[in-house]
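A short write-up of the structure that comes next.
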Amino acid sequence: MKSENTSIIIRPAARGGKFLGPDAANENKKSAVIIFLNPETEDIVGYGVTDTSNPNSAGPKNIMDSVSRANPVATDDDTVKLQLDVVISEPTVFRVLVFGPLQHIGQARLAKHP
């Protein structure tokens, strides 16, 4: 199968809360570290740090509207995100690690999936 460059977007959010936007960012306007791992080898496939220099990156105006856990959380084009480009040749499962918020490093947590 042919290898293809694939873009994946991760939008870090607190559990049951808002996105890790400017209010969660450190002095460098970074709010979370995101790492993609190959789940079989634990090799790092890609990584990056979210950029919250856009003051609107905390999410859309309706972010506080209630949503069901079964529905996706509302976003817009400005919502904080990290886009990683990975090369894959077949359907692939990655392990995603997210560490943040970086402003409150003593309260930061590491979230893993799967």
Side-chain angles (χ1 to χ4, degrees):
M1 188 177 251
K2 178 182 159 193
S3 293
E4 294 192 26
N5 193 25
T6 302
S7 293
I8 301 171
I9 294 176
I10 299 292
R11 297 183 189 272
R15 184 177 200 177
K18 294 172 59 176
F19 291 97
L20 297 181
D23 58 335
N26 63 16
E27 63 277 356
N28 297 319
K29 300 188 181 198
K30 309 297 182 189
S31 65
V33 176
I34 300 172
I35 302 168
F36 275 28
L37 298 176
N38 176 321
E40 294 175 8
T41 64
E42 297 293 321
D43 289 339
I44 295 175
V45 177
Y47 66 93
V49 182
T50 57
D51 178 10
T52 63
S53 55
N54 178 344
N56 297 320
S57 65
K61 291 181 181 180
N62 65 343
I63 189 68
M64 296 308 288
D65 291 354
S66 62
V67 294
S68 163
R69 284 189 168 266
N71 293 329
V73 178
T75 63
D76 62 19
D77 289 341
D78 291 328
T79 304
V80 66
K81 67 183 174 203
L82 177 68
Q83 180 173 322
L84 291 175
D85 296 320
V86 296
V87 177
I88 60 173
S89 59
E90 61 189 59
T92 305
V93 175
F94 294 106
R95 175 166 286 156
V96 180
L97 308 176
V98 179
F99 182 77
L102 297 180
Q103 180 185 34
H104 309 287
I105 204 73
Q107 298 174 6
R109 299 291 180 261
L110 178 65
K112 299 183 258 185
H113 182 75

| Cluster link Leu110 to Val33, ILVMFWY, side chain under 4.5 Å | yes
Validation: residues 79-98 side-chain donor-acceptor distances under 3.5 Å, sequence neighbours left out:
from: Thr79; atom 1: OG1; to: Asp76; atom 2: N; distance (Å): 3.0
from: Thr79; atom 1: OG1; to: Asp76; atom 2: O; distance (Å): 3.3
from: Thr79; atom 1: OG1; to: Asp76; atom 2: OD1; distance (Å): 3.0
from: Gln83; atom 1: NE2; to: Ser7; atom 2: OG; distance (Å): 3.2
from: Asp85; atom 1: OD1; to: Ser7; atom 2: OG; distance (Å): 2.5
from: Thr92; atom 1: OG1; to: Glu90; atom 2: O; distance (Å): 2.6
from: Arg95; atom 1: NE; to: Pro114; atom 2: O; distance (Å): 2.8
from: Arg95; atom 1: NH1; to: Glu42; atom 2: OE2; distance (Å): 2.9
from: Arg95; atom 1: NH2; to: Pro114; atom 2: O; distance (Å): 3.2

| Is Ile35 reachable from Phe99 through a run of I, L, V, M, F, W or Y residues, each pair having side-chain heavy atoms under 4.5 Å apart? | yes
| In terms of hydrophobic clusters joined by side-chain contacts under 4.5 Å, are Val49 and Ile10 together? | no
| Considering all heavy atoms of both residues, which atom of Pro101 and which atom of Gln107 are nearest to each other, and what is their separation? | CD-O, 4.4 Å
| task | Quick one: pull up CG in Asp77 and CG in Asn56 and give me the separation to the nearest 0.5 Å. | result | 11.5 Å
| task | Would you check if Ile44 and Leu37 make a side-chain contact, meaning some heavy-atom pair closer than 4.5 Å? | result | yes
| task | Look at the side chain of Asn28 and the backbone N and O of Lys30, then say whether any donor-acceptor pair between them is shorter than 3.5 Å. | result | no
| said: Quick check against the 3.5 Å criterion: does Thr50 have a side-chain atom that pairs as donor or acceptor with the backbone of Ser31? | reply: yes
| said: Using 0.5 Å steps for rounding, measure from the CG atom of Leu102 to the NZ atom of Lys29. | reply: 14.5 Å
| said: Can you confirm whether Thr75 sits close enough to Phe19 that some side-chain heavy atom of one is under 4.5 Å from a side-chain heavy atom of the other? | reply: yes
| task | Could you list who else is in Leu20's hydrophobic cluster, with ILVMFWY side chains joined at under 4.5 Å, directly or through other members? | result | none
